[in-house]
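Read through the structure below, which is laid out as structure tokens, and then see the notes.
Chain letters run A, B, ... following the sequence lines, proteins first and then strands; every chain starts at 1.
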Protein chains: 2
Amino acid sequence: MSSKELIYQAAAKLFKEKGYAATSMRELALQVGIEASSLYNHIKSKEEILQEICLRNAGKFTDGMKIIQENSNLNALQKLESIIRLHVQIASDDISSVTVFNDEWKHLKEPALSDFLKLRIQYEQSVKSIIQEGIEKELLKKVDIEVALFSFLTSLRWIHYKFAKGRISSDRLTENLKNILIFGLAKS
Amino acid sequence: MSSKELIYQAAAKLFKEKGYAATSMRELALQVGIEASSLYNHIKSKEEILQEICLRNAGKFTDGMKIIQENSNLNALQKLESIIRLHVQIASDDISSVTVFNDEWKHLKEPALSDFLKLRIQYEQSVKSIIQEGIEKELLKKVDIEVALFSFLTSLRWIHYKFAKGRISSDRLTENLKNILIFGLAKS
DNA sequence: GTCTATATAAGGATAGAC
DNA sequence: GTCTATCCTTATATAGAC
């Protein structure tokens, strides 16, 4: 792995644990095993690291969503299940990185912040359309779409806390989340 | 309102928007309308502000949970609904403060951090017991309890983002969340 | 690519006059 | 209770030798 990649990885871990603002370049350097000044041979600034982590993860979600949307065989319920699987997969792929993406994006500076938020809103809009479609086709209840959207996405946003403990496989987690988020906790 | 209270309120707003670590005492002072040094006539340190905000909110949740637990008339489903109402109520009561409680607690120093985490684990344990009881009495599906616990609580943890936009009343939000989280998105 | 040394800015907090 | 002035520490980032 390149030095740059090693720095990103160590940074993701630290940003996750302490937060972006509370992580110093000295700590990061210590974690990487070099002096702080040496970091700058590989990266331009602290902010650049955050940008890279955030945009990389945004890309994963956007790409995954595109594939789901293009699969016209899926009905709304199946699409929601695919979204759950996508989130579980991305979280299991790199927990630290996706946590930073979820929690530290607000420290991005313009214009990166606006770019990021544009992608985020776009993604939310895609999920919203699927929920809307589900309601129209009578696969989903007539709930408030915004409440449904947020409760669905925020549940998924915290999946990685489960993974951190490694208690459960991706498949079982996906299955359980499908059951809970789509079909509810209550026994029917 | 006392100066101390005004400082807490301004701090909660700033900590919410920028994060604890990225908020300076000079900014806080500016928001309050005094010089940074004057803050210290009312509070002991920056950390003390965070402690107060976090412990105050922890108290609200703990107290609310106690009342729910002591109401033996409620079955597990009704208790879960009461928990939803509790979270909605606390969020609508003071959005900034509860956001800081949710997102910035990791910046607490010991021993406050351990005290805080103890309360949090205790609260999660209470919810877990209710879910467990629901499964035993066959009111809830046999889902993975940990997954159910986390997806339930994390959905509720982000309610305040809805409130920030003021789009929906507390009652309608509670009703929708009950429907979605307990009975699921899918039409039965 | 890494180091030491350092520039430059900002942070939390205190002292002491009013 | 508020101010100005300031202490001390830490931060990001650069310069230049090796």
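- At whole-Å resolution of the value, CD1 in A:Ile49 and C1' in D:dA13 are 12 Å apart.
- Geometrically, B:Lys46 engages B:Tyr20 in a cation-pi contact defined by less than 6.0 Å to the ring centre and at most 45° from the axis.
- Residues meeting the ring pair (Phe, Tyr, Trp, His ring centres under 6.0 Å) test with A:His42, sequence neighbours left out: none.
- Between B:Arg172 and B:Glu175 no salt bridge is recorded (no basic side-chain N to carboxylate O distance below 4.0 Å).
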Nucleotide by nucleotide, nucleotides 12-18 of chain C touches protein heavy atoms under 4.0 Å in the pattern (B base, S sugar-phosphate only, - none) BBBB---

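- The existence of a salt bridge linking A:Glu27 and A:Lys18 is confirmed by a sub-4.0 Å separation between a basic side-chain nitrogen and an acidic carboxylate oxygen.
- One can place CD of A:Glu35 at 8 Å from C1' of C:dT4, the figure rounded to the nearest angstrom.
- Ion pairing between a basic and an acidic side chain is recognised when a charged N comes within 4.0 Å of a carboxylate O; B:Asp93 and B:Lys60 show such pairing.
- Rounded to a whole Å, the CD1 atom of A:Ile34 is 6 Å from the P atom of C:dC3.
- Residues that satisfy the side chain to side chain contact (heavy atoms under 4.5 Å, CB included) test with A:Glu17, not counting sequence neighbours, are A:Lys13.
- Distance A:Leu30 CG to D:dT12 C1': 17 Å, rounded to the nearest Å.
- The distance from atom NZ of B:Lys18 to atom P of C:dA10 is 12 Å, rounded to the nearest whole Å.
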